[in-house]
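Inspection log for the structure reproduced underneath, given as structure tokens.
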Amino acid sequence: MIKDVFYDVVVIGGGHAGCEAAAASARLGVNTALFTHKIETIGEMSCNPAIGGLGKGHLVREIDALDGVMGEIADKSGIQFKLLNRSRGPAVRGPRTQSDRSLYKKYMQEKLLNYCNLSVFSDPVIKFVFVKNSVNGFVTQSGKKISCSKLILTTGTFLNGLIHIGEKKTPAGRFNEKPTTGLSEQLEKFNFTIGRLKTGTPPRLDGRTINYENLEEQHADTEPYFFSFLTTKNINEQVSCKMTYTNEKVHKIISKNIKLSAMYSGSIKGIGPRYCPSIEDKVFKFSNKQRHQIFLEPEGLKDNTIYPNGISTSLPAEIQTEICNNIMGLENVRILRPGYAIEYDYVDPRELFLTLETKKIKNLYLAGQINGTTGYEEAAAQGLIAGINAAQSVKKSEPFILDRSDAYIGVMIDDLVTKGVAEPYRMFTSRAEYRLSLRADNADLRLTQKGINIGLVTNNRLEIFKQKFEDLNKLTKLMENLDITPSKVAKFGVNIAKDGVKRSAEQILSQKDVKMHKIREIWPYIPYKSKEIDEQLEIKAHYRGYLTKQSADILAFKKDENLKIPESVNYDSLSGLSNEVKSKFKKIRPKTMGQALRIDGITPAAVYILLSHVKRKSIKNIA
């Protein structure tokens, strides 16, 4: 039993953000605790049983590169690995896996319950303890008072969560789980801007009652693309999933009953994710479409539950049954649990610094859906950054900030704290200006050394990374020093301009359709290290011109992008700025010119006025 105990860092919530935050803080060597409703629901996949995808898969690879836990657990529980956009360029390929829901939870709990420097407790938090504008502890449901230096809040959909099924409303953070109440109200007393968002989930189906005979099949990749740079082999049986479609009759049923949907009856005030709409939204907003895809995703190897990805709904349970029974393959299906919409509180992420510490309450960090995001991967990435920065602050070390040119994680956090959200935020490759260099394949080369520099990376990964880095450098230098004439290389089937100029092995590799096996055909003594290293050499060679240009663009942009804005700037004194612009600058207090430029509704002209002011001040100070 614990009583009036002190921890350096405490994480509230055992979802994807909480797991990553607790692990990161503990990895940095500070005394960390995780408090949650139930230990047995740590790592629960609340919605779809899958990890990754376009943009999201990049986030998981970056989490893994910083020695996070999500990638490893996704690989251990993966039952259908697919690399999305495989036929397209490496920058937009996205790893994804269908996960065994129970295995994911099992492996995550095993990992965290045995993590060094981490204690885990099942005791919900009901009240914060403040000293002026700083949090220094909390009270749990059992009446215990816990003190801490830093507190990370990762409540997911639990913060005043409310489930909607038709007209029925049930306070809950997840199906059959009580919400977290009272905390939003405490934050509101500090004038936090708090809003409501919503997300939804489809009905769960009994796979034994589905007729798969005439349905399209989606197979796993024959060569799995893993999330973790440490994973070497698949450990689970790989399954396929089937695909079916809605139809005109289904659309008529939905249209006829649209007013019974919580989404359209007016009982839901929160805004839902645009990129993951309910089936009601699809039918209502895309009335010209005759059918919509439904992926029948198995929830586990030993679980008969099927997740019908594509028919998220908040219609009454009996209407959900009618809809399903009019879809091919689901004519006799049994619904194990109806779909529902869930509304929950979130805090405007513009209330946060880039460290994810709140501006109004010291030592309080927010991560995950509480910041207006949607998705496991976005939550985990925020948890990682909040956990790192809370621990760094305890150690009185420099904050850990990832730039937009460093990582998708940097893009997401900058978007959140600069622009805020009008709807649940989801990561896409299109959000990144520098996606040619921010690829899933090179996440470790971009980020692992940064983790090593602050002591975040454990020995096993450190040794593997160092070996890979060394092998890659040796092979790169070797290939730069090998050359061949156009006439000689033509004998190997590689045709280049017959100008008599020798090309290096790396330049030959940059030619269309040339791979490392062709390079070794020309130079047999070039050693083979791994498929992964060959892939890196090929991508680097093929993208060399583009990457060189992008590197120059990043450097040029950063000259003014990274110019720091003094905390003392009096925005009211800046002539030429509208009151609206001044208000936005005062609310967000951007740290750099780049961040100021990305504030929603701020024009380049307004930033130029600010830039001129800051440069004039800098010149005066130097003089």
Side-chain angles (χ1 to χ4, degrees), residues 44-53 79-80 82 96-102 104 163-166 174-175 198-220 239-254 257 261-263 272-273 275-284 286 289-342 374-376:
E44 183 76 66
M45 302 179 91
S46 305
C47 195
N48 63 317
I51 298 291
I79 58 175
Q80 193 205 59
K82 289 186 81 70
R96 183 185 191 272
T97 185
Q98 197 70 29
S99 281
D100 182 306
R101 193 187 291 277
S102 62
Y104 189 94
I163 280 178
H164 297 260
I165 303 174
R174 220 169 14 219
F175 193 80
K198 83 99 188 169
T199 189
T201 190
R204 302 303 199 273
L205 310 179
D206 185 343
R208 294 166 296 188
T209 61
I210 295 174
N211 180 7
Y212 293 105
E213 194 172 335
N214 297 312
L215 303 185
E216 296 176 39
E217 191 162 11
Q218 296 270 319
H219 293 281
V239 302
S240 62
C241 76
K242 296 295 181 82
M243 192 164 66
T244 186
Y245 297 86
T246 61
N247 52 56
E248 191 177 344
K249 188 172 182 181
V250 166
H251 295 183
K252 284 181 179 177
I253 294 168
I254 293 168
N257 294 284
S261 165
M263 279 292 298
Y275 305 103
C276 189
S278 66
I279 190 61
E280 296 97 296
D281 264 347
K282 290 178 185 177
V283 170
F284 186 75
F286 307 103
K289 288 201 73 171
Q290 295 181 338
R291 65 179 193 169
H292 297 282
Q293 282 181 335
I294 304 168
F295 293 94
L296 301 175
E297 300 176 344
E299 294 208 348
L301 295 173
K302 297 178 180 178
D303 189 342
N304 293 312
T305 307
I306 297 294
Y307 182 95
N309 196 339
I311 52 169
S312 173
T313 181
S314 61
L315 282 161
E318 63 273 15
I319 305 298
Q320 294 185 36
T321 300
E322 187 180 357
I323 288 168
C324 288
N325 291 158
N326 281 280
I327 293 171
M328 181 185 286
L330 309 184
E331 293 87 352
N332 298 302
V333 77
R334 185 168 72 92
I335 292 180
L336 299 174
R337 190 178 87 195
Y340 59 84
I342 183 167
T374 181
Y376 307 148

Task: Side chain proximity check, I294 to T246, heavy atoms < 4.5 angstrom - done: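 I294 reaches T246 side chain to side chain.
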What's the spacing between [X] [atom1] and [Y] [atom2] if we round to 0.5 Å?
{"X": "K198", "Y": "T374", "atom1": "NZ", "atom2": "OG1", "result": "10.0 Å"}
{"X": "S240", "Y": "E216", "atom1": "OG", "atom2": "CD", "result": "12.5 Å"}
{"X": "H292", "Y": "I327", "atom1": "NE2", "atom2": "CD1", "result": "11.0 Å"}
{"X": "N304", "Y": "R208", "atom1": "CG", "atom2": "CZ", "result": "4.0 Å"}
{"X": "I254", "Y": "L315", "atom1": "CD1", "atom2": "CG", "result": "6.5 Å"}
{"X": "M243", "Y": "E217", "atom1": "CE", "atom2": "CD", "result": "11.0 Å"}

Open item on the list: side-chain contact (heavy atoms from CB on, under 4.5 Å), that's the test. Do N332 and T209 meet it? Break it down for me.
Closed with: CA-CA 6 Å; N332 298 302; T209 61; 5.6 Å; no
What's the shortest heavy-atom distance between [X] and [Y], and which atoms?
{"X": "Y340", "Y": "F175", "result": "OH-N, 3.3 Å"}
{"X": "S99", "Y": "Y104", "result": "OG-CD1, 4.3 Å"}
{"X": "I253", "Y": "N257", "result": "O-ND2, 2.8 Å"}
{"X": "E299", "Y": "P49", "result": "CG-CG, 4.1 Å"}

Open item on the list: Taking CE in M328 as the centre, count heavy atoms belonging to other residues, nucleotides or ligands within less than 6.0 Å. Is the count above 12?
Closed with: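 Not buried by this count: 12 neighbours or fewer within 6.0 Å.
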- [ ] Mark yes when over 12 heavy atoms from residues, nucleotides or ligands other than E213 sit less than 6.0 Å from its CD; otherwise mark no.
- [x]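 No, the 6.0 Å shell around CD holds no more than 12 heavy atoms from other groups.
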With no hydrogens and no angle check, just 3.5 Å: does a side-chain donor-acceptor pair link [X] and [Y]?
{"X": "Q290", "Y": "Y245", "result": "no"}
{"X": "R174", "Y": "S46", "result": "yes"}
{"X": "S314", "Y": "S261", "result": "yes"}
{"X": "Q320", "Y": "T313", "result": "no"}

Is a donor on one side and an acceptor on the other found under 3.5 Å between the side chain of [X] and the backbone of [Y]?
{"X": "Y307", "Y": "T201", "answer": "no"}
{"X": "K282", "Y": "K289", "answer": "no"}
{"X": "D206", "Y": "R334", "answer": "no"}
{"X": "T97", "Y": "I51", "answer": "no"}
{"X": "N247", "Y": "N326", "answer": "yes"}

TODO: Apply side-chain contact (heavy atoms from CB on, under 4.5 Å) to C324 and I335, showing your working.
DONE: CA-CA 9 Å; C324 288; I335 292 180; 4.1 Å; yes
Open item on the list: What I want to find out is whether K82 reaches E297 closely enough, with some N-O distance under 4.0 Å, to be called a salt bridge.
Closed with: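 E297 and K82: not salt-bridged.
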Task: Residue of the set L330, L336, I311 for which side chain to side chain contact (heavy atoms under 4.5 Å, CB included) holds with L205 - done: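 For L205, the side chain to side chain contact (heavy atoms under 4.5 Å, CB included) check succeeds only for L330.
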Task: Test side chain to side chain contact (heavy atoms under 4.5 Å, CB included) applied to I306 and P203, C241, P298, P202, the passing residue - done: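 It is P298, the one option of P203, C241, P298, P202 that forms the side chain to side chain contact (heavy atoms under 4.5 Å, CB included) with I306.
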